[in-house]
Amino acid sequence: MDVAFSVVGEVKNDIIARLLQAVEKAKEKGDLPAYVDPDIRLDIPPRPEQGDFATGVAMSIASEIKSDGRSVAGIIVKHLRIDDSHIVRIDIAGPGFLNFFLDTSWLEKAMARIWTDGPVYGRTSHYNGKRVLLEFVSANPTGPLNVVNARAAAVGDCLASMLEMAGCQVSREFYVNDAGRQVSVLADSLEARYRETLGQEFHFPENGYRGEYLKDLARSLVEDKGRSLLDMGAEERHAFLRDWAVSKMVAWQKRTLSDYGLEYDIWFSEKSLREAGAHTQVIEILREKGLTYERDGAVWFKSTEFGDDKDRVLVKSDPGSSTTYIVPDLAYHKHKMERGFDLMIDILGPDHHGYVDRLAAGLQGLGFPRDCLEVLIVQTVRLCRGKELVKMSKRGGEFISMDELLEEVGKDAARFFFLMRSPESHLDFDMDLARLQSSENPVFYVQYAHARIASIFRQAREEGYAGPVGPNEIKFSLLKDQSELALMKLLASFPDQVYEIAAAREPNRLIKYMMDVASAFHAFYTRCRVLSDDNKLCGARLYLSRLTQIVLANGLKLAGVSAPEIM
RNA sequence: GCGCCCGUGGCUCAAUUGGAUAGAGCAACAGACUACGGAUCUGUAGGUUGUGGGUUCGAAUCCCGCCGGGCGCACCA
């Protein structure tokens, strides 16, 4: 049984324990066969008339023993003890659902928990300190970040925050590909622009990076170093240009992500691994285990033994015996595991999905369990303005970088929009909509709820209310309107929502939840006037407003979106 | 050809992971405060969940076939 740290979790566990007890009792009495051993899950049903919690366990038992759900439900209820619990009524509904109706004392407890936890409300110990390394974005240091990087950054950062709240120790990591061929091409491209800036003859490399940013970079290189690079030997110059360009690019990417409110724990250099000889070590290990062979002058890894659809080359047959990309990547992941992590999560772009099996096979070849690695594929983004698609090819002039996106719509809207959709579905990002400061834009719906609550408290202070009072000073039973009960149930479910969403790796559901909370609050606001002459009622509603504000603030923080006091 | 992802009202997406009457937002229509922010709320209309089979108490969800879209299928990274 996992650790339940939330009030909802405690209540659920209590009911589940009673259900298990009832099943045991039924088995003793011969009402159910002895082999029945159900896995019970309680859900929060979609409609209030279906109770506070519900379970379909009777139906699953019924199918196991070839009976029908309603009669199994009847048997369970007959043996269920509800004394000394929150349960006041149990309905058998539809094909055999058990619907539990509870008194509101559990809600009172749940609300008090929000009050005392405040900024850390939502935290649970479900993951019990599990060490997770979450690697995301990891764009090549050859150019500015793009909008897909922005999407991966939003998803990765949010998921990291949610895992932390659910009890993981998370390290956010960015892998800098500063050693491969592409940074060599970057150096050559920069050299060409450098020579161009100095008015020299230059040769632009075949697959060079043609973006304007390299011209800017070349100009600042000239300012920095003058013509001194021309005096270097070709090799020395190349090495210098590579390191210089990479450091500039990485600094640029850091700045962009920092504007996004994202700070990594580690920027990991591929080069450092290469210099430490980690590559040859990987090849050696695989060779010693008999998992390699030579063919056509290359060294192959028997990845098919671990579920890959074909074997992969590790060392190419070219004169330099260079390695394929899988080798440094395996070395990197091996290094991650050696740092003591329990789980690695990689967030990759759609063009990498064919790569996953290979990587997983390699890790197993190195002796790691298959489930040490999880890969989340984040799908592509299509930018549009209203109906019109914005072209994103790097060759066309209309390429939109992450910087430009942020400048145009701001980080809040960008993050919110990226998180709104399931990471694995294709996203149409409407920049006109994201920029719009109106009700059509869903970001503001949630932020507005938060600002509205702040406004209530400003007003309350002006009118001389004592300020929000805590759970001990209010009369909880006054919170009985349907909108108040609905809102409180939502607020109570926050910690478990966080855990479930983190476990499913579906941060889009956080946004859905936030929209639901905002909606429930707006409905409450419309039906129930908060500030009034009725001190008791006013105190209770100010209390509920404060709790809502806490949940909104904590949820928005998880999403990396600001929670404004005024809009 | 093979693999992965996707297909749900006019548009963009949900659906508690196999559950109850498939839900939101936008757009459309009709309403709602001389008091807390109308960036709000309430209601109406809109669906054979691409399609054909199968699995079972129960399918948008799982399995098989087809149709349509996206992305991959390197001794590139």
Side-chain angles (χ1 to χ4, degrees), chain A residues 41 43-47 50 54-56 59-60 62-63 66-70 93-97 99 140 142 177 180-183 185 207 295-300 309-310 312-318 322-326 328-329 349-357 377 379-380 382 387 420-422 424-428 430 433 436-445 447-449 451-460 462-463 483 493 496-497 500-501 504 506 508-509 511-513 515-516 518-519 521-532 538 541-542 545 566-567:
Chain A
R41 213 187 64 220
D43 295 315
I44 297 173
R47 291 167 223 288
Q50 293 164 345
T55 179
M59 279 114 75
S60 55
S63 84
K66 305 283 177 244
S67 174
D68 72 290
R70 290 193 71 97
F97 285 101
N99 293 339
N140 284 333
T142 53
N177 295 114
R181 206 193 57 186
Q182 76 282 0
V183 289
V185 175
N207 292 312
R295 196 180 75 202
D296 307 330
V299 178
W300 295 70
D309 55 0
K310 58 175 111 164
R312 304 292 172 176
V313 170
L314 297 174
V315 183
K316 299 184 223 168
S317 60
D318 64 14
S322 55
T323 60
T324 58
Y325 185 70
I326 184 84
D329 225 20
D351 49 337
H352 281 75
H353 75 251
Y355 181 70
V356 177
D357 286 343
I377 299 288
Q379 280 294 344
T380 48
R382 289 198 307 180
K387 291 268 166 252
M420 216 163 31
R421 306 294 177 226
S422 158
E424 65 198 15
S425 65
H426 302 268
L427 172 67
D428 283 332
D430 186 339
L433 178 58
L436 216 54
Q437 309 254 327
S438 79
S439 59
E440 290 168 56
N441 189 337
V443 189
F444 296 116
Y445 186 78
Q447 290 186 319
Y448 179 62
R452 204 176 209 187
I453 295 169
S455 170
I456 294 173
F457 283 105
R458 281 194 298 274
Q459 181 81 21
E462 264 174 42
E463 294 181 13
S483 65
S493 72
D496 297 84
Q497 287 282 324
E500 282 165 25
I501 291 168
E506 291 174 350
N508 51 303
R509 282 165 49 192
I511 299 301
K512 169 76 162 55
Y513 173 79
M515 299 282 284
D516 287 346
S519 170
F521 177 77
H522 286 311
F524 155 70
Y525 180 91
T526 305
R527 284 175 62 93
C528 304
R529 191 178 162 78
V530 177
L531 300 177
S532 69
C538 178
R541 286 180 174 166
L542 279 172
S545 300
I566 297 173
M567 292 170 67

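Numbered from 1 within each chain, the chains take letters A, B, ... in sequence-line order.
Partners of A:Glu506 under the side-chain hydrogen bond (donor to acceptor under 3.5 Å, both in side chains) rule, at least two apart in sequence or in another chain, are A:Arg509. By the side-chain hydrogen bond (donor to acceptor under 3.5 Å, both in side chains) test, A:Arg181 is found to be paired with no residue, residues two or more places apart in sequence or in another chain being considered. For A:Asp68, the salt bridge (charged side-chain N to carboxylate O under 4.0 Å, His left out) criterion is met by no residue, not counting sequence neighbours. For A:Phe97, the ring pair (Phe, Tyr, Trp, His ring centres under 6.0 Å) test picks out no residue, with sequence neighbours left out. The ring pair (Phe, Tyr, Trp, His ring centres under 6.0 Å) test applied to A:Tyr448 returns A:His522, not counting sequence neighbours. Residues passing the side-chain hydrogen bond (donor to acceptor under 3.5 Å, both in side chains) test with A:Asp296, sequence neighbours excluded: none. Not counting sequence neighbours, the partners of A:Asn177 by the side-chain hydrogen bond (donor to acceptor under 3.5 Å, both in side chains) test are A:Glu270, A:Tyr325. Scored by the side-chain contact (heavy atoms from CB on, under 4.5 Å) test, A:Ile44 finds A:Phe53, A:Ser493 as partners (sequence neighbours excluded). Every ring pair (Phe, Tyr, Trp, His ring centres under 6.0 Å) that A:Tyr513 has, sequence neighbours left out, goes to A:Phe494.
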Would you list the protein and nucleotides 15-19 of chain B atom pairs, both N or O, that sit under 3.5 Å from each other?
from   : atom 1 : to       : atom 2 : distance (Å)
B:rU16 : O2     : A:Ile44  : O      : 3.2
B:rU16 : N3     : A:Ile44  : O      : 3.1
B:rU17 : OP1    : A:Arg41  : NH2    : 2.9
B:rU17 : OP2    : A:Arg41  : NE     : 2.6
B:rU17 : OP2    : A:Arg41  : NH1    : 3.0
B:rU17 : OP2    : A:Arg41  : NH2    : 2.0
B:rU17 : OP2    : A:Asp43  : OD1    : 3.3
B:rU17 : O4     : A:Glu506 : OE1    : 2.3
B:rU17 : O4     : A:Glu506 : OE2    : 3.0
B:rU17 : O4     : A:Arg509 : NH1    : 2.6

Just the atom pairs and distances: protein N or O near nucleotides 69-74 of chain B's N or O, under 3.5 Å.
from   : atom 1 : to       : atom 2 : distance (Å)
B:rC71 : O2'    : A:Pro350 : O      : 3.4

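When distances are taken from the side chain of A:Ile566 to each of B:rG37, B:rC41, B:rC57, the shortest belongs to B:rG37. Taking every side-chain heavy atom of A:Met567 into account, B:rG37 is the closest of B:rA35, B:rG37, B:rA77. Of the candidate nucleotides B:rC36, B:rU21, B:rA39, B:rC36 has the atom lying nearest to any side-chain atom of A:Gln459. Checked against B:rA77, B:rC75, B:rG37, the side chain of A:Asp296 finds its nearest nucleotide in B:rC75.
Spacing between atom CD1 of A:Ile456 and atom P of B:rG37 amounts to 7 Å, rounded to whole angstrom units. B:rA77 atom C1' lies 12 Å from atom CG of A:Asn207, rounded to whole Å. Atom pair A:Leu314:CG and B:rC76:P shows a separation of 13 Å (rounding to whole Å applied). Atom CD1 of A:Ile511 is separated from atom C1' of B:rA24 by 14 Å (rounded to the nearest Å). Straight-line distance from the CE atom of A:Met420 to the P atom of B:rC11: 17 Å, rounded to whole Å.
A sub-4.0 Å separation between OP1 or OP2 of B:rG38 and a side-chain N or O of A:Arg452 is present. Within the structure, every side-chain polar atom (N or O) of A:Arg70 is placed at least 4.0 Å from both OP1 and OP2 of B:rC57.
Residue contacts shown for A:Asn99 include a base, since a base heavy atom lies under 4.0 Å away. A:Ser322 comes within 4.0 angstrom of nothing in the nucleic acid, heavy atoms only. Base contact: A:Ala298 has a heavy atom under 4.0 Å from a base atom. As judged by a 4.0 angstrom heavy-atom cut-off over every strand, A:Arg181 is placed among residues touching the sugar-phosphate backbone only. Among the atoms of the strands shown, base atoms are found under 4.0 Å from some heavy atom of A:Ala54. Contacts of A:Cys538 with the nucleic acid, taken as non-hydrogen atoms under 4.0 Å apart, are absent.
Between the side chain of A:Ser317 and the base of B:rC75 there is at least one donor-acceptor pair of N/O atoms closer than 3.5 Å.
For RNA chain B, runs of at least 3 consecutive pairs of the Watson-Crick or G-U wobble type, with both hydrogen-bonding distances under 3.5 angstrom, map to B:1-5 with B:69-73, B:10-13 with B:23-26, B:28-32 with B:40-44, B:50-54 with B:62-66.
B:rU17 adopts a syn glycosidic conformation, its chi angle falling within 90° of 0.
A:Arg452 forms a cation-pi arrangement with A:Tyr525, by the criterion of a distance under 6.0 Å to the ring centre and an angle within 45° of the ring axis.
Here the shortest heavy-atom pairing between A:Val530 and A:Ser545 reads CG2-OG, 4.0 Å.
Atom CG in A:Leu427 sits 11.0 Å away from atom CG in A:Asn508 (nearest 0.5 Å).
On the C1' atoms, B:rA22 is 7 Å away from B:rA15, given to the nearest whole Å.
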